[in-house]
Amino acid sequence: MYVEQVFSRLKELYPNGYFHANRDPFYLLISTVLSQRTRDEVTIPATQDLFEVFGTVQELAGADVDEVRELIRNVGFYRVKSHRIIDISRMILQDYGGVVPNSIDELLKLPGVGRKTANCVLGYGYEQDVIAVDTHVHRISNRMGLVDTSEPDETEKELEKVVSKQDWKDINGLMVLFGQNVCRPVSPKCGGCIMNDICPKII
DNA sequence: AAAACGGGGGC
DNA sequence: GCCCCAGTTTT
């Protein structure tokens, strides 16, 4: 009951969920890698700039590292990421016929791709029932008492037990928005929060 | 289990 | 100037 209320209210608060303009698996994969440990105000324009120059697997696979590095210069960890997204593109081109793989095991073989990034691609790009756990999902799930875990991987498994499957792929987008705007890491805006009457308010 | 990677934005 | 951020890899 509690969990149903939480997601009912999140969906009411963010009826469009997280807005992904482009759900192409390759675009999602690269943009999600770029977004790691980087705010979206920085990531979104950088991703747009990148794809205006190198918009396909083939083009990014053959791209010059220095040119890619310049295009994503504002993104956190841009030096290592510029190499990784080119290597990812080359692997997809050579090992997967230019098509982003649609299984967790294959995605995890790509450099710079962990469970969070892989599950974002599988959920948003391939419509699979998976839960992408980032710092927002991990923090909010524990703060609100949906789970009691110390590691993101545990959170993923525990959420699978508690949340109805149809909501799995939307958990990340909803909690990211909620985590950025209300249930922030530090000084959450509990006053006026729509969860006020049901949240254990551990903070 | 902890360190390292890292520039940008908020305060 | 200090702290934090849509994680993953390496030690």
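So that the names make sense, note that chain A is the first sequence line, chain B the second, and so on, each numbered from 1.
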Check this one for me: any side-chain N or O of A:Ser35 less than 4.0 Å away from OP1 or OP2 of C:dG7? no
Please report the distance separating the C1' of C:dA6 from the corresponding atom of B:dC11, rounded so that it comes out in whole Å. 22 Å
Separation of the P atoms in B:dG8 and C:dT8, to the nearest angstrom: 22 Å
Is the closest side-chain heavy-atom distance between A:Met195 and A:Phe178 below 4.5 Å? yes
Please state how far atom CG in A:Leu122 lies from atom C1' in C:dA6, giving the value in whole angstrom units. 16 Å
Please give, in whole Å, the distance from C:dA6 C1' to A:Asn119 CG? 13 Å
A:His83 atom NE2 is separated from C:dT9 atom C1', nearest whole Å, by 16 Å
Any side-chain heavy atom of A:Val33 within less than 4.5 Å of one from A:Ile30? no
Let's test your reading of the pairing rules: Watson-Crick or G-U wobble, both distances under 3.5 Å, then write DNA chain B as a dot-bracket string with ( ), [ ], | and dots. |||||.|||||
Scanning both residues in full, the closest heavy-atom pair of A:Cys120 with A:Thr32 reads CB-CG2, 4.1 Å
Calculate the interatomic distance between A:Lys116 atom NZ and C:dG7 atom P; express it in whole Å. 6 Å
Just how far, in rounded Å, is P of C:dG7 from CZ of A:Arg115? 16 Å
Rounded to whole Å, please give me the gap between CD1 in A:Ile140 and P in C:dC5. 12 Å
Side chain to side chain donor-acceptor pair (under 3.5 Å) partners of A:Tyr27, counting only residues at least two apart: none
With nearest nucleotide decided by heavy atoms, which residue, A:Val80 or A:Glu151, maps closer to the 5′ end of DNA chain B? A:Glu151
Taken in chain and number order and not counting sequence neighbours, the residues that satisfy salt bridge (Lys or Arg N to Asp or Glu O under 4.0 Å) with A:Glu59 are none
Would you classify A:Gly76 as touching base, sugar-phosphate or nothing, given that sugar-phosphate means primed atoms plus P, OP1 and OP2, and contacts are heavy atoms under 4.0 Å? base
For atom P, what is the distance between B:dC5 and C:dG1, given to the nearest Å? 22 Å
So what does A:Val137 touch, heavy atoms closer than 4.0 Å: a base, only the sugar-phosphate, or nothing? nothing
Write down the distance between CG (A:Asp134) and C1' (C:dT8), rounded to a whole number of angstrom. 14 Å
5'-most to 3'-most nt of DNA chain B touching chain A (<4.0 Å, heavy-atom partner on protein side) reads B:dC5 to B:dG8
Not counting sequence neighbours, which residues clear side chain to side chain donor-acceptor pair (under 3.5 Å) with A:Asp129? List them please. A:Lys169
Quick check on A:Asp148: does its CG atom have over 12 non-hydrogen neighbours (other residues, nucleotides or ligands) under 6.0 Å away? no
Non-neighbouring partners of A:Asn196 that pass side chain to side chain donor-acceptor pair (under 3.5 Å), sequence neighbours left out: A:Lys201
Are A:Arg73 and A:Tyr78 linked by a side-chain donor-acceptor pair shorter than 3.5 Å? yes
Students often get this wrong, so: under 4.0 angstrom with heavy atoms, is A:Thr43 touching a base, only sugar-phosphate, or nothing? nothing
